[in-house]
Protein chains: 4
Amino acid sequence: MEAAVSRISREGPSDARQVRSRNALTGALLELLEEKPFDQLTIREISARAGTGYATFFRHYPTKEALLSDVASEEIADLLARTLPVLYDSNSFESTRALCGHVAEHRNLWAALLTGGAAGIVREEFIRQARQLPRDMVERKSWLPADLGVVYGTGGTIDLLAWWLSQDEAYSPEEIAAILNRLIIAPLISGERSPASA
Amino acid sequence: MEAAVSRISREGPSDARQVRSRNALTGALLELLEEKPFDQLTIREISARAGTGYATFFRHYPTKEALLSDVASEEIADLLARTLPVLYDSNSFESTRALCGHVAEHRNLWAALLTGGAAGIVREEFIRQARQLPRDMVERKSWLPADLGVVYGTGGTIDLLAWWLSQDEAYSPEEIAAILNRLIIAPLISGERSPASA
Amino acid sequence: MEAAVSRISREGPSDARQVRSRNALTGALLELLEEKPFDQLTIREISARAGTGYATFFRHYPTKEALLSDVASEEIADLLARTLPVLYDSNSFESTRALCGHVAEHRNLWAALLTGGAAGIVREEFIRQARQLPRDMVERKSWLPADLGVVYGTGGTIDLLAWWLSQDEAYSPEEIAAILNRLIIAPLISGERSPASA
Amino acid sequence: MEAAVSRISREGPSDARQVRSRNALTGALLELLEEKPFDQLTIREISARAGTGYATFFRHYPTKEALLSDVASEEIADLLARTLPVLYDSNSFESTRALCGHVAEHRNLWAALLTGGAAGIVREEFIRQARQLPRDMVERKSWLPADLGVVYGTGGTIDLLAWWLSQDEAYSPEEIAAILNRLIIAPLISGERSPASA
DNA sequence: CTCTAATCGAGACGGTACGTCGCGTCTTACG
DNA sequence: CGTAAGACGCGACGTACCGTCTCGATTAGAG
């Protein structure tokens, strides 16, 4: 349950009981995400694991997905803030390595979110958030629609991270950062030349 | 229902009624996939749309997912056969263009599969199949784990195609092929140089 | 469960499974009515006793009360047909005795319905049905509103029967018939003279 | 809310706040009883109508029924004291008329109690109290079990009053008293002759 | 007139039954 | 006598209300 530790009391309702219930629920979700796919979890199961009443779940979240969102969306926003800047940054490798380092530090959390069956939902939330970010700074590529750049860069990065996290720590953050840079970042920020045409 | 036309009688049981039922079910699924996400469909709904009895569904498929598989897996295998070769092909642009052309010709089918809510399942099936393909031919990159190459190449390609199919035909197959080539294929087959170090 | 025996297959749906389920439910209700008040029964409890699934209950009855109605309303109509005629019959004692005899023969059923906690509902259903019966035949009493005559005659009779059935068989049908006749029937059919004023 | 007026401060705790809360609750119950059946009321609804907090209800009454009891049981005892004596009184008509007059004077209260959905509970409470009254004075009828006499006399009277109160004041207390006398009282106190034999 | 303790409102909580829905199985009745 | 229709057992859903509980914030009424 180390993953849940970082979730305690980020901020929330004033009533201490509500805080306790919410933390119990988010913690239970993260625990269960490491055991089975998100869509095989039932609200009853999550409530039971959290030690809260079944109806209490609905006093905090309208659906299972809302709970997942609550757990994930801040993390996603946080990670996105680390992901996109690399596109505008001349020294992208440093940013990329910082991104991978951050994920490695919260390996349990991100493994649960990206490989635990909630992957599809988390991925969509990622792209949804990424699409809403301002992207004026990035220079328009004539050959690459801006929206596609965002979708592809985000999705590809997530895929790469998910693959990494499913690999039992065989690769260091630096290695992954290098791959990420070469495989995804570089093509996106490269100039107008067509590298494949050579 | 044009998408379903290509699905008629690919091969199947001898009994004409079974053939009719299967086609009715696959057709109904494709119709419904254009209306709502896959996971919001019910077997009752599919049966009703197909004009068959509810229990009849189970005589042909054990689950909803099996029906989706029946609809999609051959298409996936077919498309995969067009996707992976580009990695080994020195003239990758031609292969890529052929791939995009093929998808464009079956736009309705692929739009339903990749953007209709079944996307997650189809995507996973894609990668699952891709992973099982022999990959001896591809030269090992020192910086790129082979498995990651497959996962990333497949996933990225699907994402790109999905994005394209959700764009109301604003881009031609050639344009997409160019992007695909530059964004995904080229980085995968490029040499040992470190592009980020520049 | 002798009470339920008389309920088997009175008439019903053609499907044998439906017949079986309905009989299981009616039987279970009658069993449970002898154990605790109707309003303390839950549908889950009735279903469990019947050996049917919980949802199956709702495939047959919309509410607990509907099941009670199905069990009771025919019996009520039947008994009503024996109750009201005594009012128009010159030889009322014979009719009354027949009524009491009939109730005695189905003692378990009527004890459950009239003393088992469902009493209130059954009573209201009784009066509701009685009110809808034609009453042209009965001669209007100048001192007694017709509607009141029906309500009072029905309610009083039910009360008397309920009291009897709660008495551990200490009284014979004939004794009850005599009391019923003297206490309720006679005052209702007596002439214009005021018997208490003498 | 005229009905509730008579309920104010009958006696109770010293603290003015408690008195206010109790009266708010009893008043709210009586209001709501005129709108819907007792068993369809929720404690939350009663509390809200009373303008008190939800938990405050439980500080005064353990259950909904207890509140109803608090509202009704004294009234019942009072009315019973007027009902039973008529049986022992040679001049029963006077007593009966007094009874009906009293009910007419508190029409709103009794209409709510006897016709408002709480009828079943109030009725049972009535009979319960009646059964516990001493009945040595009444001469035993050879043909009529004493307990039945009480149950029947009480129940019948309540039924008659309930019917009256549901009739939009079409009958005067005197008319009802006459009917009550003739229909219920007279048969109970009549001699040994068999009135049906005529 | 103050102080203190009872009472208040508000509402979250663990429970439990509700009635609905979809699943996948299995039986029925019909063609 | 095989197949389409659909009833069944199961179990999760989301809602509603129960009765308990913990909070401050009034607010009597005793000193």
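Nothing here was measured: the structure is a model prediction, and the numbers come from that model. Below, chain A is the first sequence line, B the second, and so on; all start at residue 1.
Residues in residues 39-48 of chain C take part in these salt bridge (Lys or Arg N to Asp or Glu O under 4.0 Å) pairs, two or more places apart or across chains: C:K36-C:E45. The ring pair (Phe, Tyr, Trp, His ring centres under 6.0 Å) contacts involving residues 26-48 of chain A comprise nothing, where partners must be two or more places apart or lie in separate chains.
Each of F:dC17, E:dA29, F:dG19 was ranked by its minimum atom distance to the side chain of D:F58; first place goes to F:dG19.
Atom P of nucleotide F:dA12 and atom CG of A:L32 are separated by 14 Å, given to the nearest angstrom. As a whole-Å value, the separation of B:E65 CD from E:dG22 C1' is 13 Å. In this structure, C:F57 places its CZ atom 15 Å from P of E:dA17, rounding to the nearest Å. Put simply, CD1 on A:I43 is 10 Å from P on F:dT15, counting in whole angstrom units. If you measure from atom CG of A:L67 to atom P of F:dG14, you get 12 Å, rounded to the nearest angstrom. Atom CG of A:D39 is separated from atom C1' of F:dC13 by 16 Å (rounded to the nearest Å). Following rounding to the nearest Å, C:Y61 (OH) and F:dA7 (C1') show an atom-to-atom distance of 15 Å. Rounding to whole angstrom units, CG of residue A:N23 and P of E:dA12 are separated by 17 Å.
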Reading nucleotides 3-11 of chain E from 5' to 3' and marking B where a protein heavy atom lies under 4.0 Å of the base, S where only the sugar-phosphate is that close, and - otherwise, the string is ---BBBBBB
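Both A:K64 and B:R44 lie close to DNA chain F; mapped to their nearest nucleotides by heavy-atom distance, the more 5′-ward contact belongs to B:R44.
Shown here are the side-chain hydrogen bond (donor to acceptor under 3.5 Å, both in side chains) partners of B:T56, two or more places apart in sequence or in another chain: B:R59. Residues that satisfy the side-chain hydrogen bond (donor to acceptor under 3.5 Å, both in side chains) test with D:E124, not counting sequence neighbours, are absent from this structure. In this view, A:E65 satisfies the salt bridge (charged side-chain N to carboxylate O under 4.0 Å, His left out) rule with no residue, not counting sequence neighbours.
The aromatic rings of A:F58 and A:Y54 sit perpendicular to each other, their planes meeting at more than 60°, with 30° as the lower class boundary.
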